[in-house]
Amino acid sequence: MSEKKMSSSRKHHLKSLMLSIAKGILEQEVKDREVERQRYMAEICQPLSLPSGTQALQELCRELHHKIDVTDEERYDLEMKVNKCAKEIEDLNIKVIDLKGKFKKPTLRKVRMSADAMLQALLGSKHKVSLDLRANLKQVKKEVKEEDKELRDVGDWRKNVEDKAGMDGRKKMFEAEA
């Protein structure tokens, strides 16, 4: 399939024709919208005929206030409906984020609280539970090893050095050898 190439002047000519047709269509749509708006306004908002008497004016004012109240109620109802939907959307977005696992964990702070205070906070003030964790720990007796006994018999080397220090210590040393 060989396609014939169009000359650039022909392309520009066709492009300008398409743009002019599109411009005409847009202008027609604007005119149609304006006519439709005028027809709708004439249908819904009929021309205001002001009565000449005060009684008739007061009745007209009451009627207008009633219409204003009705529209305010509708506006309020719609606003509440929108707020409810927005809240639901926000909750669903939070659920989606949780499911994706991209939820940012808050930094945890160190809390100083005893075990009894924690249980009371969790269970409420009705339950009196005391939890002494130290009472549940095993008592471990320290076993004295034989090596430790030998070291204790020998004694501390610092005591030996202190005993031998000075003239009394040297004298004891010579007496012990002799």
Side-chain angles (χ1 to χ4, degrees), residues 1-140:
M1 278 176 74
S2 64
E3 295 183 18
K4 295 182 180 178
K5 291 191 176 183
M6 220 182 297
S7 66
S8 63
S9 61
R10 174 94 171 132
K11 282 183 187 177
H12 289 295
H13 176 67
L14 289 176
K15 187 176 180 181
S16 64
L17 282 176
M18 287 184 356
L19 288 175
S20 65
I21 292 171
K23 183 179 177 186
I25 292 172
L26 286 175
E27 289 174 356
Q28 185 63 35
E29 284 179 2
V30 169
K31 288 178 185 175
D32 290 344
R33 273 194 224 134
E34 186 61 31
V35 168
E36 180 66 24
R37 182 176 171 273
Q38 291 295 332
R39 187 191 60 78
Y40 178 78
M41 293 302 286
E43 182 182 313
I44 299 298
C45 300
Q46 292 150 10
L48 185 62
S49 60
L50 293 175
S52 59
T54 58
Q55 257 328 328
L57 280 175
Q58 286 178 350
E59 187 60 37
L60 178 66
C61 288
R62 284 189 195 108
E63 186 180 320
L64 289 176
H65 281 292
H66 179 69
K67 286 183 180 180
I68 289 171
D69 289 341
V70 169
T71 55
D72 277 345
E73 288 175 4
E74 289 176 2
R75 181 188 55 83
Y76 179 78
D77 291 341
L78 290 175
E79 188 176 331
M80 288 299 117
K81 198 174 189 180
V82 166
N83 288 342
K84 183 180 176 187
C85 289
K87 179 79 172 149
E88 287 179 16
I89 289 170
E90 185 179 335
D91 291 342
L92 290 174
N93 282 337
I94 289 172
K95 284 182 182 179
V96 167
I97 289 171
D98 286 346
L99 289 175
K100 284 183 179 178
K102 293 183 179 180
F103 181 69
K104 201 172 189 182
K105 292 182 182 177
T107 56
L108 299 177
R109 297 181 187 141
K110 187 174 183 179
V111 177
R112 288 189 165 199
M113 191 182 249
S114 67
D116 292 333
M118 257 190 260
L119 282 175
Q120 188 175 5
L122 289 173
L123 300 176
S125 61
K126 294 179 182 176
H127 302 284
K128 299 286 184 183
V129 178
S130 64
L131 183 65
D132 188 14
L133 295 175
R134 292 183 183 185
N136 296 338
L137 294 175
K138 289 184 179 179
Q139 294 293 332
V140 178

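Bear in mind that the values here come from a model prediction, so they are computed numbers and not experimental data.
Nearest heavy atom pair, residue His13 against residue Ser16, reads O-OG, 2.7 Å. Heavy atoms only, all atoms of each residue included: Met6 and Lys11 are closest at O-CE, 3.8 Å.
With hydrogens and angles left out, the side-chain atoms of Asn83 and Glu79 include no donor and acceptor closer than 3.5 Å. Side-chain atoms of Gln38 and Glu34 include a donor-acceptor pair closer than 3.5 Å.
His66 contributes atom NE2, which lies 7.5 Å from atom CG of Asp69 (distance to the nearest 0.5 angstrom). To the nearest 0.5 Å, the span separating CG on Leu26 from CD1 on Ile21 amounts to 12.5 Å. For the atom pair Leu78 CG and Arg75 CZ, the distance stands at 9.5 Å (nearest 0.5 Å). To the nearest 0.5 Å, the span separating CG on Leu99 from CG on Leu92 amounts to 10.5 Å. Put simply, NZ on Lys23 and CG on Leu19 are 10.0 Å apart, with the number rounded to the nearest 0.5 Å. Atom CD of residue Glu29 and atom CD1 of residue Ile25 lie 7.5 Å apart, to the nearest 0.5 angstrom.
Counted within 6.0 Å of CD on Gln55, heavy atoms from surrounding residues, nucleotides or ligands total 12 or fewer; the atom is thus considered open. Applying the 6.0 Å contact sphere to CE of Met80 captures more than 12 heavy atoms from other residues, nucleotides or ligands.
In this structure the side chain of Asn93 reaches within 4.5 angstrom of the side chain of Ile89, judged on heavy atoms. Residues Val35 and Lys31 fail the side-chain proximity criterion, which asks for heavy atoms closer than 4.5 Å.
Ion pair Arg39/Glu36 flagged as a salt bridge, since at least one NZ, NE, NH1 or NH2 atom sits closer than 4.0 Å to an Asp/Glu carboxylate oxygen.
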